[in-house]
Amino acid sequence: MKILLFVLPLLLIGVSAQAQTKSTPPAVVTAIEGVTGKQFLPDTVFAALSQEDEKLLAKEPVANWGLPQAAENDMSYYNLVIGTRSYQLVILKAPKAVFPTATLLRFTDPKSKPEPIARGSLKPKADKPK
């Protein structure tokens with residue numbers, strides 16, 4: 001019984017970690033880089049990211065994203081609305097952080113709570129040598 005109490009939490013941690021360690025799809029990276037104009041380095045992909053999200057983000061042009069909206073505390077965000085589903089890209093620059101953090105959220109309908117689907121750092125794009 002004691003072994004079960006010890007092993008069960010480890011199994012749960014392993015399952016949740018596995019759900020968040022899948023690679024970020026190129027469509028999501030391309031969408032975030034297109035909107036921000038910076039290099040996106042993903043560090044977390046959440047289990048909520050679905051294939052439907054990938055398809056929607058891949059086919060939506062950057063022009064359909066809203067203009068950047070400024071908020072307090074070095075935060076800005078962009079919105080994309082597709083039917084009743086919407087996405088929000090939140091950019092937050094922490095005071096001690098070198099690069100800002102981008103978090104992509106999904107709202108499945110207007111009254112739903114946001115679900116994070118990807119997160120990572122935004123670095124300036126390196127200039128290509130001529």
Side-chain angles (χ1 to χ4, degrees):
M1 184 66 171
K2 288 182 182 180
I3 294 173
L4 182 62
L5 291 174
F6 178 73
V7 173
L8 187 60
L10 292 175
L11 289 174
L12 290 175
I13 290 170
V15 169
S16 67
Q18 182 181 11
Q20 294 186 0
T21 57
K22 64 182 183 179
S23 64
T24 304
V28 173
V29 173
T30 302
I32 293 172
E33 288 181 348
V35 170
T36 63
K38 296 184 178 182
Q39 182 182 6
F40 178 65
L41 304 171
D43 60 27
T44 307
V45 177
F46 296 90
L49 179 62
S50 67
Q51 288 182 346
E52 183 181 2
D53 294 321
E54 292 177 47
K55 289 177 187 174
L56 288 172
L57 291 169
K59 76 176 188 177
E60 286 299 317
V62 172
N64 286 352
W65 283 83
L67 296 173
Q69 304 292 316
E72 56 189 69
N73 298 333
D74 293 326
M75 184 178 104
S76 62
Y77 59 93
Y78 301 82
N79 293 317
L80 172 66
V81 178
I82 307 169
T84 59
R85 178 174 287 213
S86 64
Y87 297 91
Q88 187 172 61
L89 179 60
V90 178
I91 314 273
L92 179 64
K93 175 74 168 84
K96 294 184 180 182
V98 176
F99 301 111
T101 301
T103 305
L104 184 60
L105 304 170
R106 176 187 63 215
F107 298 82
T108 51
D109 61 61
K111 294 183 181 182
S112 67
K113 291 184 179 182
E115 298 173 294
I117 56 176
R119 186 184 72 206
S121 300
L122 290 174
K123 289 178 62 176
K125 287 191 175 182
D127 293 332
K128 294 181 181 178
K130 293 182 180 180

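Side chains are part of it too, since the values below use all heavy atoms of this structure and drop only hydrogens, waters and symmetry mates.
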Is there a path of hydrophobic side-chain contacts, each under 4.5 Å between heavy atoms of I, L, V, M, F, W or Y residues, that connects Phe46 with Leu92? no
hydrophobic_cluster_shared for Ile117 and Leu105, side chain cutoff 4.5 Å: no
Shared ILVMFWY cluster between Val28 and Leu122, side chains joined below 4.5 angstrom? yes
How far does CD of Glu54 sit from OG1 of Thr24, to the nearest 0.5 angstrom? 9.5 Å
Examine Tyr87 and Ile91 and state if one hydrophobic cluster contains both, with Ile, Leu, Val, Met, Phe, Trp and Tyr joined whenever side-chain heavy atoms are less than 4.5 Å apart. yes
For Pro114 and Pro116, work out which heavy atoms get closest and say how close. O-CD, 3.9 Å
OG1-CZ distance between Thr44 and Arg119, expressed to the nearest 0.5 angstrom: 3.5 Å
Supply the atom-to-atom distance Ser121 OG to Lys38 NZ, rounded to the nearest 0.5 angstrom. 11.5 Å
For Ser23 against Val45, the heavy-atom pair lying closest together: C-CG2, 3.9 Å
Contacts under 3.5 angstrom, residues 56-71 side chains, donor-acceptor by atom type, not counting sequence neighbours:
from, atom 1, to, atom 2, distance (Å)
Glu60, OE1, Asn64, ND2, 2.6
Gln69, NE2, Leu67, O, 3.3

Quick one: hydrophobic cluster around Val98, which other residues, with the 4.5 Å side-chain cut-off, linked directly or via members? Phe99
Could you pull out the closest heavy-atom pair between Glu33 and Gln39, with the gap in Å? OE2-CA, 3.7 Å
Shortest non-hydrogen contact from Arg106 toward Ala48: NH1-O, 2.8 Å
Quick one: does Phe107's side chain get under 4.5 Å of Gln88's, heavy atoms only? yes
Applying the 4.5 Å side-chain criterion to the ILVMFWY set and letting contacts propagate, would Ile82 and Ile32 be lumped into a single cluster? yes
Could you walk me through whether Leu49 and Leu104 pass the side-chain contact (heavy atoms from CB on, under 4.5 Å) test, one step at a time? CA-CA 10 Å; Leu49 179 62; Leu104 184 60; 5.9 Å; no
